[in-house]
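The structure appears right after this line, and notes come after that.
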Amino acid sequence: MPRNLIFITYDSCRFDSARAAKAPNLARLGELEQRFSYASWTAPSHYTFLMGLVPHTSPAHVYASDVYKNDFRRWSDRLDIPDLRFETFLPQLSLAGMLKKHGYRTVARVSMPVLNPFTVLNNAFDDYRLMPDHNDFKGMVDEIGFSRDQPSFHFFNLGETHYPYMLEGNALPHISGLHGVAKTLAAGGDAGGMAQKGSDMDAETFFASDLLKGLHAQQIRCVEYLDGLLGALFDKAPPDTWFMIMGDHGEAFGEDGFFGHGPVMHPKVFEVPFVEGLRPRKASVF
């Protein structure tokens, strides 16, 4: 039977956050690489992932088309399925669709509303659901199941590393990201925006260097929180399970005057962590 596949995206997690975190379970999986996202925000990055491409290494002195072709060939090694290549994914260019043809049960759990089940990302999934809570990797781990008779593909998008980085309450201003706007308007509220000058936390206060450094530190703590749950997932997964963990894009925390991601062309928005490998054999580390 082909290997099970668990594909996890740490939303908005930039490379240096994952590298700075105390994340022993992540390290057990393999060497953490700095790679580069194909896009600067959640939706287009995930469209790329579900085509079968992952963050790239930006190699020099090669044809770009060869990078794509080599990435598609890598799926044979990951899944122990012979002769997977770019042509295997045609015409749909769908990772989930290709895996269904090889007998996989395909399951997705996403945290960002821009990835909701009504988007075309849901194509070829047997079970695709938007989690009711932005920060519920624990719920994903608790409900995951495997079959002895059928390989499975689990695709997890995690919101813990996305703004507001598991912070709650009124300590931070509301920022109108696309996912926040969608949720607020759906509930009948005003999407709003950055707090205005003179309010309890105006734009000048929010973009203070110390606060942005604190937000970066909080994203690092979120990676550490996820790492404990990752150990529990390792324990539940069968031995022949291939794990892939990566950021979908990065985040700017004040570098050169930028904050956030999306319409931000800054290197920190494209630098993402990447690690993959077979499920570690040793006991979980907490």
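Below, each value reflects all heavy atoms present in this structure, side chains not excepted, and no hydrogens, waters or symmetry copies.
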Do Thr42 and Leu115 come within less than 4.5 Å of each other through their side chains, counting heavy atoms only?
yes
So does Asp136 pair up with Arg109, basic N to acidic O under 4.0 Å?
no
Apply ring-ring contact (aromatic ring centres under 6.0 Å, His included) to Phe7 and list each qualifying residue two or more places apart in sequence or on a separate chain.
Phe49, Phe155
Drop me the distance from Leu158's CG to Ser111's OG, to the nearest 0.5 angstrom.
6.0 Å
Which value, rounded to the nearest 0.5 Å, describes the distance between Ser17 atom OG and Gln219 atom CD?
3.5 Å
Under the salt bridge (charged side-chain N to carboxylate O under 4.0 Å, His left out) criterion, do Asp210 and Lys213 qualify, and how do the steps go?
CA-CA 5 Å; Asp210 288 348; Lys213 288 179 180 177; 5.0 Å; no
Does some side-chain heavy atom of Met1 sit less than 4.5 Å from a side-chain heavy atom of Asp149?
no
Glu224 side-chain N/O to Ala21 backbone N/O, donor-acceptor pair under 3.5 Å
no
Can any side-chain N or O of Thr241 pair as donor or acceptor with the backbone N or O of Ala237 at less than 3.5 Å?
no
Could you tell me which residues satisfy side-chain hydrogen bond (donor to acceptor under 3.5 Å, both in side chains) with Thr161, sequence neighbours excluded, listed by chain and number?
none
Same cluster (ILVMFWY, side-chain, under 4.5 Å), Val275 and Val272:
no
To check you understand the geometry: which heavy-atom pair defines the closest contact between Arg279 and Asp235, and what is its length?
NH1-O, 4.4 Å
If Ile, Leu, Val, Met, Phe, Trp and Tyr residues are connected whenever their side-chain heavy atoms lie under 4.5 Å apart, and connections chain through other members, are Val107 and Leu229 in the same group?
no
Would you mind reporting whether Ile6 and Trp242 have side-chain heavy atoms less than 4.5 Å apart?
no
Out of curiosity, Phe243 CZ to His154 NE2, how far, rounded to the nearest 0.5 Å?
10.0 Å
Determine whether Leu84 and Met98 make a side-chain contact, defined as any pair of heavy atoms from C-beta on separated by less than 4.5 Å.
yes
Check the surroundings of atom CD in Glu87: do more than 12 heavy atoms from other residues, nucleotides or ligands lie under 6.0 Å from it?
yes
May I ask you to say whether Asp227 pairs ionically with Lys22, meaning some side-chain N is under 4.0 Å from a carboxylate O?
no
Side-chain touch Tyr10/Ile245, heavy atoms, less than 4.5 angstrom:
yes
Which pair of heavy atoms, one from Pro273 and one from Cys13, lies closest together, and at what distance?
CD-O, 3.2 Å
For Arg105, look at atom CZ and say whether over 12 heavy atoms of other residues, nucleotides or ligands are found less than 6.0 Å away.
no
Sequence neighbours left out, what passes side-chain hydrogen bond (donor to acceptor under 3.5 Å, both in side chains) with Asp142? Give chain and number order.
Lys138
Show me the pairs that pass salt bridge (Lys or Arg N to Asp or Glu O under 4.0 Å) and involve residues 238-258, at least two apart or across chains.
Arg3-Asp240, Arg14-Glu255
Ignoring hydrogens and angles, write down the donor-acceptor pairs under 3.5 Å from the side chains of residues 50-71, residues two or more places apart or on other chains.
unit_1	atom_1	unit_2	atom_2	d
His56	ND1	Ser58	N	3.1
Asn70	OD1	Arg73	NH1	2.6
Asn70	ND2	Asp66	O	3.1

Kindly work out whether a path of hydrophobic side-chain contacts (I/L/V/M/F/W/Y, heavy atoms less than 4.5 Å apart) joins Val110 to Leu5.
yes
For the CG atom on Asp83, are there more than 12 heavy atoms of other groups (residues, nucleotides or ligands in this structure) within a distance under 6.0 Å?
no
Which ring-ring contact (aromatic ring centres under 6.0 Å, His included) pairs, counting each pair once, include a residue from residues 101-132, with sequence neighbours left out?
Phe125-Tyr128, Phe125-Phe153
For Val269, what are the other residues in its hydrophobic cluster, where any two members join if their side-chain heavy atoms are less than 4.5 angstrom apart?
Phe258, Val264, Met265, Phe270
Distance under 6.0 Å and angle within 45° of the ring axis: does Arg35 meet both against Phe274?
yes
Are Tyr38 and Tyr47, when compared by the centres of their aromatic rings, separated by less than 6.0 Å?
no
Asn122 to Pro117 - nearest heavy-atom pair and separation
ND2-O, 3.1 Å
Lys236/Glu143 salt bridge by N-O under 4.0 Å criterion:
no
Please enumerate all residues that pass side-chain hydrogen bond (donor to acceptor under 3.5 Å, both in side chains) together with Asn4, with sequence neighbours excluded.
Ser152
Just list the side-chain donor-acceptor pairs under 3.5 Å for residues 88-95, sequence neighbours left out, or say none.
unit_1	atom_1	unit_2	atom_2	d
Thr88	OG1	Arg85	N	3.0
Thr88	OG1	Arg85	O	3.2
Ser94	OG	Gly97	N	2.8

Heavy-atom side-chain contact between Phe15 and Phe36 under 4.5 Å:
no
For Lys101, give me all partners under salt bridge (charged side-chain N to carboxylate O under 4.0 Å, His left out), at least two apart in sequence or on another chain.
none
Cluster overlap Phe234 with Leu226, hydrophobic side-chain contacts below 4.5 Å:
yes
For a 4.5 angstrom cut-off between non-hydrogen side-chain atoms, does Asn135 reach Met166?
yes
Is any side-chain heavy atom of Asp16 less than 4.5 Å from a side-chain heavy atom of Ile220?
no
Find the distance between CE (Met246) and OG1 (Thr9) and round it off to the nearest 0.5 Å.
8.0 Å
Answer yes if the ring centres of His261 and His162 are under 6.0 angstrom apart, and no otherwise.
yes
What pairs with Arg221 under salt bridge (charged side-chain N to carboxylate O under 4.0 Å, His left out), at least two apart in sequence or on another chain?
none
Nearest-0.5 Å distance, CE of residue Met112 to OG1 of residue Thr119
13.5 Å
Residues in side-chain contact (heavy atoms from CB on, under 4.5 Å) with Pro267, at least two apart?
Glu271
Nearest heavy atoms of Thr106 and Ala96, plus distance in Å:
CG2-O, 3.8 Å
Met140 and Asn157: which non-hydrogen atoms are nearest, and at how many Å?
CE-O, 3.4 Å
